Amino acid sequence: MRVLGIETSCDETGIAIYESGRGLLAHTIYSQTDIHAQWGGVVPELASRDHVRKAIPLMTEVLAEANLSGKDIDGVAYTKGPGLVGALLTGAMLGRTLGLVWGVPAIGVHHLEGHLLAPFLEPDPPTFPFVALLVSGGHTELVKVEGIGRYEIIGDTLDDAAGEAFDKTAKLLGLGYPGGAALAKLAERGNPERFHFPRPMVDRPGLDFSFSGLKTFALHTIEANEKDDKTRADIARAFEMAVVETLVIKCRRALKETGFSSLVIAGGVGANAALRHGLHEMCKKHEASLYFPRMEFCTDNGAMIAYVGCQRLMAGVSDDLSVEVYPRWALDKL
Ligand code: KG4
Ligand code: ZN
């Protein structure tokens, strides 16, 4: 089965074609970062309007790259939530309409299920069961995954998501939006010994996270010190080390509590090199297997939506003609 995937939940337009038995045939991602950067964050109305402008040209491009036309597509998958309501509606309307015009089933996909299963786009995919750490701009969750559609959230953030903490701290350091990757780059030059940030909630039992305190700690540290380049890099390094170590400790704990021996990392913060390194070390020490999607599939993309849509459609599931989106939608309410 050949499925066209459409991702428009936030500020990336992602389009892809996935075929069962063959894998990914073509994909493209267009990021709206430049549009939103000047406003210091995503402006929902601008996001929706830009998805409307970009989605069809990108789809035409992807079909051409795969040497296919609409009549070669057997199903359409689009992101149904969670995300920005207007942005979701643009993708859902397009997906639903294409399904109708091409006479094929269409299905709305959970964005986080896309992230969770993105490692299945790689040549060496994980096997069930596994623990997944979902770390993005909006979510920080530990999920017990026993199969497709069998998800239990075993850890969640009580306040900010990890990516949100990266972005807010980056803003305090004058790094613009979204600042996660820029902060990580600055941290590379930082002295790991100069500042020490707390590791939130690690001395309490359980798998929940809390990152808003780190942002406040960063604010106080910035206020109490010189604003030179070296100090900013040292603060970035200390902040990143605290987030990474906290995530690594909780992943280790989740593997221990579930008894599983595979860990999957997904979401934008999964692109962080220090996190990847920390998790590699931990998994090596505890003889667990670690899986990441390739860098471009850590952040939002259409390939993961096409993949999940393909699995669901092959299982005989599809949505009816009504176009529904869920801006808030818990992964375990699938
Ligand atoms: O999954 P994603 O693309 O979008 C959401 O669904 O949220 O994740 C975006 C988040 C942003 O907060 C961004 O700053 C963060 O991922 N991010 C990073 C890095 N690259 C992206 N955070 C830390 N280090 C990175 N290298
Ligand atoms: Zn995402």
Side-chain angles (χ1 to χ4, degrees), residues 5-16 29 31-32 36 41-48 50-51 55 76-96 106-118 132-145 148-168 178 180 208-209 211-212 264-270 293 297-309 311-312 317 319 322-334:
I6 304 167
E7 154 63 33
T8 64
S9 67
C10 190
D11 58 347
E12 262 102 23
T13 318
I15 310 276
I29 305 167
S31 175
Q32 304 175 348
H36 302 294
V42 177
V43 183
E45 182 61 22
L46 296 181
S48 315
D50 204 52
H51 286 308
V76 182
Y78 53 88
T79 305
K80 191 171 172 175
L84 303 170
V85 65
L88 289 166
L89 275 170
T90 64
M93 278 305 298
L94 176 62
R96 197 51 274 174
I107 188 161
V109 167
H110 196 294
H111 179 79
L112 295 181
E113 184 177 30
H115 277 305
L116 206 67
L117 302 183
L133 173 70
L134 271 175
V135 265
S136 69
H139 297 268
T140 304
E141 289 172 9
L142 276 161
V143 190
K144 191 173 164 185
V145 180
I148 289 185
R150 294 170 62 201
Y151 313 124
E152 185 189 339
I153 296 169
I154 54 176
D156 204 345
T157 180
L158 305 180
D159 40 58
D160 290 356
E164 192 179 356
F166 263 98
D167 292 339
K168 287 178 176 171
D208 288 335
F209 305 93
F211 289 111
S212 71
V264 162
I265 311 301
V269 184
F297 295 159
C298 278
T299 45
D300 293 347
N301 65 85
M304 64 186 194
I305 303 304
Y307 174 80
V308 173
Q311 306 311 309
R312 299 262 173 203
V317 189
D319 282 352
S322 60
V323 176
E324 267 184 294
V325 295
Y326 305 136
R328 285 175 172 275
W329 188 12
L331 190 54
D332 50 6
K333 299 281 179 305
L334 261 180

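Every value quoted in this text rests on a predicted model; they were computed, and no experiment measured them.
Atom CZ of R312 is separated from atom CD1 of I107 by 6.5 Å, given to the nearest 0.5 angstrom. The NE2 atom of H111 sits 5.0 Å away from atom CD of E7, with the distance rounded to the nearest 0.5 Å. Atoms OG and CG, from S48 and L84 in turn, are 7.0 Å apart once rounded to the nearest 0.5 Å. Note: I29 CD1 to F297 CZ = 6.0 Å, rounded to the nearest 0.5 Å.
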List the steps, then state whether side-chain contact (heavy atoms from CB on, under 4.5 Å) holds for T79 with L88.
CA-CA 7 Å; T79 305; L88 289 166; 3.9 Å; yes
Would you check, one step at a time, whether the test side-chain contact (heavy atoms from CB on, under 4.5 Å) holds for E141 with L112?
CA-CA 10 Å; E141 289 172 9; L112 295 181; 4.1 Å; yes
Given the rule in the side-chain contact (heavy atoms from CB on, under 4.5 Å) test, do I305 and I6 qualify, once you have shown the distances and angles that lead to the verdict?
CA-CA 7 Å; I305 303 304; I6 304 167; 5.8 Å; no
Please walk me through it: do E113 and L331 pass side-chain contact (heavy atoms from CB on, under 4.5 Å)?
CA-CA 7 Å; E113 184 177 30; L331 190 54; 4.2 Å; yes
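Annotation: side chain of P293 is not in contact with side chain of M304 (no heavy-atom distance under 4.5 Å). V145 places a side-chain heavy atom less than 4.5 Å from the side chain of L116. Proximity of L334 to W329: side-chain heavy atoms (C-beta onward) are separated by under 4.5 Å at one or more points. With a 4.5 Å cut-off on side-chain heavy atoms, K333 and Y326 do not count as touching. Using a 4.5 Å cut-off on side-chain heavy atoms (C-beta onward), D332 and E152 make no contact.
Across G302 and A16, no two heavy atoms sit closer than the pair C-CB, 3.5 Å. Among all heavy-atom pairs drawn from P82 and R328, the shortest one is CB-CA, 4.3 Å. The shortest heavy-atom contact between A161 and G138 is CB-C, 3.5 Å. Here the shortest heavy-atom pairing between V109 and A77 reads CG2-CB, 4.0 Å. The heavy-atom pair separating T140 from A162 by the smallest distance is OG1-N, 2.7 Å. Among all heavy-atom pairs drawn from D159 and F211, the shortest one is OD1-N, 2.8 Å.
H51 places a side-chain N or O within donor-acceptor distance of the main-chain N or O of C10, the cut-off being under 3.5 Å. Listed for the S9 side chain is no donor-acceptor partner under 3.5 Å among the backbone atoms of G83. The backbone N or O of D156 sits less than 3.5 Å from a side-chain atom of D208, completing a donor-acceptor pair. Side chain of D167 to backbone of G180: a donor-acceptor contact under 3.5 angstrom is found. R96 places a side-chain N or O within 3.5 Å of a backbone atom of D319 that can act as its donor or acceptor partner. Checking side-chain atoms of D160 against main-chain N and O of A165 turns up no donor-acceptor pair under 3.5 Å. A donor-acceptor contact shorter than 3.5 Å is absent between the side chain of S31 and the backbone of E12.
Residues D300 and H115 bring a donor and an acceptor atom of their side chains to less than 3.5 Å of each other.
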